[in-house]
Amino acid sequence: MDNGIIIAGYLGVPERVIAVTAIALGTSLPELVTSIMSVVKGCENVGLGNIIGANILNLLLVIGIPATVTGIELEAQTVRVDAPLGALVMAVLIVPILFRKKASRIQGAALLAVYGLYCAFNFF
């Protein structure tokens, strides 16, 4: 077992938070690196397309295949909090871009704030 998991267990971090964080880092780190590199090279649209494409891939394949094979049992928090929050985050990301054809720093700040609140909500 990883030392970070042991420390988190001693600190009282729920296993669900540890699992979601590990999965989020594992699946999102490549998108983050690609997005940063695309911005550095002046190709911002590549990063945005990469993020939206990764979300679609995760929804359809990463959730769809296991659900088809064995089914996925959903917790109440997933239905009440996680799914609506995921839809809200995608709306905050996509809707302004559809109207202005450009992402803004305010969107980025709003997305980071929602993520911070989500982490705090799950930890406490």
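Cluster note: Val39 groups with no other residue, as no ILVMFWY side-chain heavy atom lies under 4.5 Å from it. Counting side-chain heavy-atom gaps under 4.5 Å among Ile, Leu, Val, Met, Phe, Trp and Tyr, Ile106 is found in no cluster with other residues. Under the 4.5 angstrom side-chain criterion for Ile, Leu, Val, Met, Phe, Trp and Tyr, the cluster partners of Leu57 are Leu61, Ile65, Val69.
Ile94 and Ile97 fall within the same hydrophobic cluster, defined by Ile, Leu, Val, Met, Phe, Trp and Tyr side-chain heavy atoms under 4.5 Å apart, directly or through other members. There is no path of hydrophobic side-chain contacts, each under 4.5 Å, that joins Leu32 to Tyr115. Both Val114 and Leu111 sit in one connected hydrophobic cluster of ILVMFWY residues. Membership requires side-chain heavy atoms under 4.5 Å apart, directly or through other members.
Each salt bridge (Lys or Arg N to Asp or Glu O under 4.0 Å) pair with one or both residues in residues 82-96, not counting sequence neighbours, appears once here: Arg16-Asp82.
Arg100 meets the side-chain contact (heavy atoms from CB on, under 4.5 Å) test with Pro96, Ser104, Gln107; sequence neighbours excluded.
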Going by atom type alone, with no hydrogens or angles, which donor-acceptor pairs under 3.5 Å involve a side-chain atom of residues 83-93 and a protein atom two or more places apart or on another chain?
none

